[in-house]
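Data first, discussion second: the structure below is written as structure tokens.
What you see is a predicted model, and the numbers here were worked out from it, not measured in a lab.
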Amino acid sequence: MANVESFDLDHTKVQAPYIRLAGVKTTPRGDSISKYDLRLLQPNQAEIDPAALHTLEHLLAGYLRDHLSDVVDVSPMGCRTGMYMAVIGEPDEQGVLKAFEAALRDTAAHDRPIPGVSELECGNYRNHDLQGARQHAADALAQGLKVQETILLQR
């Protein structure tokens with residue numbers, strides 16, 4: 001099996017909430033794609049309810065694109081502690097941090113219908129929690145986000 005970057009991260013040493021550059025891939029044409037770990041909750045101590053995580057995915061997918069160019073994808077982590085974001089290029093970590101903070105502020109203040117929530121637009125449109133998503137965004141902002149270095153497991 002191929003090596004998976006997140007399996008080499010020492011999840012006991014990182015301190016959420018944070019952004020972390022998880023890796024950069026170079027395409028055959030020479031383009032860079034950067035993957036960011038956008039962590040809201042401390043690993044192995046808490047998790048986001050699936051409905052709130054689903055709503056965070058919908059809101060951050062739009063709001064991150066409002067504040068950062070060339071976002072390819074925003075996807076929830078299976079462990080339910082945050083999101084992964086793929087971006088074309090190699091944006092400055094402080095710029096990504098500021099964009100994530102702005103997107104979380106937008107999410108915390110979101111008081112309109114959740115975008116993309118209909119049977120036609122979403123694969124599980126009944127499973128959303130706007131209040132939960134807003135609270136997770138507000139909590140992460142209140143704790144203060146930072147750039148987290150990658151701390152590898154000592155094997």
By salt bridge (Lys or Arg N to Asp or Glu O under 4.0 Å), Asp8 pairs with (sequence neighbours left out) Arg155
Any [X] side-chain heavy atom under 4.5 Å of [Y] side chain:
X	Y	result
His110	Pro115	yes
Cys79	Pro43	no
Val96	Met85	yes
Glu101	Leu104	no
Cys122	His58	yes
Gln15	Lys146	yes
His136	Thr107	no

Applied to residues 67-79, the side-chain hydrogen bond (donor to acceptor under 3.5 Å, both in side chains) test, sequence neighbours excluded, yields His67-Asp106, Asp73-Ser75
[atom1] of [X]: more than 12 outside heavy atoms within 6.0 angstrom?
X	atom1	result
Asp31	CG	yes
Lys35	NZ	yes
Glu121	CD	yes

Hits for side-chain contact (heavy atoms from CB on, under 4.5 Å) against Glu93, two or more places apart or cross-chain, chain-then-number order -> Ile19, Leu21, Tyr36, Val147
Same cluster for [X] and [Y] if Ile/Leu/Val/Met/Phe/Trp/Tyr side chains link at under 4.5 Å?
X	Y	value
Leu41	Tyr18	no
Leu53	Leu145	yes
Leu60	Leu141	yes

Looking at [X] and [Y], what are the two nearest heavy atoms and their distance?
X	Y	answer
Gly132	Ala52	C-CB, 3.8 Å
Ile48	Gly82	CD1-N, 4.3 Å
His11	Val14	O-CG2, 3.7 Å
Leu64	Phe100	CD2-CA, 3.9 Å
Ala133	Leu56	O-CD2, 3.6 Å
Ala108	Arg134	O-NE, 2.8 Å

Would you find a donor on one side and an acceptor on the other, under 3.5 Å apart, between the side chain of Thr55 and the backbone of Asp129?
yes
| Is there a donor-acceptor pair closer than 3.5 Å between any side-chain N or O of Ser34 and the backbone N or O of Gly89? | yes
Walk me through whether Gln135 and Asp139 qualify under side-chain hydrogen bond (donor to acceptor under 3.5 Å, both in side chains). CA-CA 6 Å; Gln135 189 63 57; Asp139 290 349; 2.7 Å; yes
For Val72, the hydrophobic cluster (side chain heavy atoms closer than 4.5 Å, chained through members) also holds Ile88
Members sharing Val117's hydrophobic cluster, built from side-chain contacts under 4.5 Å between Ile, Leu, Val, Met, Phe, Trp and Tyr, are Leu59, Tyr63, Ile114, Tyr125, Leu130
**Message:** Strictly below 4.0 Å, N to O, side chains only: are Asp37 and Arg39 in salt-bridge contact?
**Reply:** yes
Those residues at least two apart in sequence (or on a different chain) that pass side-chain hydrogen bond (donor to acceptor under 3.5 Å, both in side chains) with Asp92 are none
Separation between CD (Glu47) and CZ (Arg80), nearest 0.5 Å, reads 5.0 Å
In this structure, CG of Leu153 is separated from CG of Leu9 (nearest 0.5 Å) by 7.0 Å
From the list Leu68, Ile33, Val74, side-chain contact (heavy atoms from CB on, under 4.5 Å) partner of Val87 resolves to Leu68
